[in-house]
Structures are given as C-alpha cells and as structure tokens.
Colleague: 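Dropping the structure in here first, questions after.
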Amino acid sequence: MLAIITKSQLQKNIGDIGKQICTIVNHGKPEALILPYFEGCEELMEDYLEDCEMAINRNNLKKRYKKSLESGLVDFVI
C-alpha cells in the first residue's frame, strides 16, 4: 500500500508508518521515501542507492565516458 504523507503527519504517526510504503512530502514536493524492512534487503538497498547515484550524475557520466567510447577498441591482449 502506497501512502503520500506530509512531514508533520510522519512526526505525529511515526509508529504506524513502518508497515507501508510512504512518500514524504514537504510543501507538496517529494522529499523522502520510507520502505518496510525485511530480512536481506540490505543488498537491494545498496543496488538502489548505486542506481540513484548514477541517475543523479547521468549527464556527468555521459560526458566522462563519451571520450572513451569515441577512442574505439584497444589492441591490448592479456
């Protein structure tokens, strides 16, 4: 179940919120996401955070690796 709640609702009802997915908004803008915990979720969260970081830095990463792509293949053999 997905819920959209304000920061003040979160502060008032923090004990009841842990069992559902909640988007926390501040002045109508999304600010945080609360997910329920389950055994083994740490690896999934690490993957999510890595994907999030890449999405935030997408333009910089494209610029950085464009030069590498344009340089072509290397004749290096091991």
Colleague: To the nearest 0.5 Å, what is the distance between CD1 (Ile21) and CG (Leu35)?
Modeller: 6.0 Å
Colleague: Does Glu43 CD have over 12 foreign heavy atoms under 6.0 Å away?
Modeller: no
Colleague: Nearest 0.5 Å, what's the CG-CG distance between Leu73 and Leu69?
Modeller: 9.5 Å
Colleague: Start with the C-alpha distance between Glu53 and Tyr48, add both sets of side-chain angles, then the distance that settles side-chain hydrogen bond (donor to acceptor under 3.5 Å, both in side chains), and finish with yes or no.
Modeller: CA-CA 9 Å; Glu53 186 177 346; Tyr48 170 80; over 6 Å; no
Colleague: Using links of under 4.5 Å between side-chain heavy atoms of ILVMFWY residues, direct or through other members, which residues join Phe38 in one cluster?
Modeller: Leu44
Colleague: Would you say the side-chain atoms of Glu50 pair up with the backbone N or O of Asp47, donor to acceptor, closer than 3.5 Å?
Modeller: no
Colleague: Walk me through whether Ile5 and Asn13 qualify under side-chain contact (heavy atoms from CB on, under 4.5 Å).
Modeller: CA-CA 10 Å; Ile5 60 173; Asn13 303 315; over 6 Å; no
Colleague: Considering all heavy atoms of both residues, which atom of Thr23 and which atom of Pro30 are nearest to each other, and what is their separation?
Modeller: CG2-CB, 4.1 Å
Colleague: With a cutoff of under 4.5 Å between side-chain heavy atoms, which Ile, Leu, Val, Met, Phe, Trp and Tyr residues group with Tyr65?
Modeller: Met54, Leu61
Colleague: At what distance, to the nearest 0.5 angstrom, does CG of Leu10 lie from SG of Cys22?
Modeller: 7.5 Å
Colleague: By side chain to side chain donor-acceptor pair (under 3.5 Å), which residues pair with Glu31, not counting sequence neighbours?
Modeller: Lys7, Asn26
Colleague: Say you draw a straight line from CD of Gln11 to OG1 of Thr6; how long is it, rounded to the nearest 0.5 Å?
Modeller: 8.5 Å
Colleague: Do the side chains of Leu33 and Ile24 get nearer than 4.5 Å, heavy atoms only?
Modeller: no
Colleague: Work out which heavy atom in Pro36 is nearest to a heavy atom in Gln20; give both atom names and the distance.
Modeller: CD-O, 4.1 Å
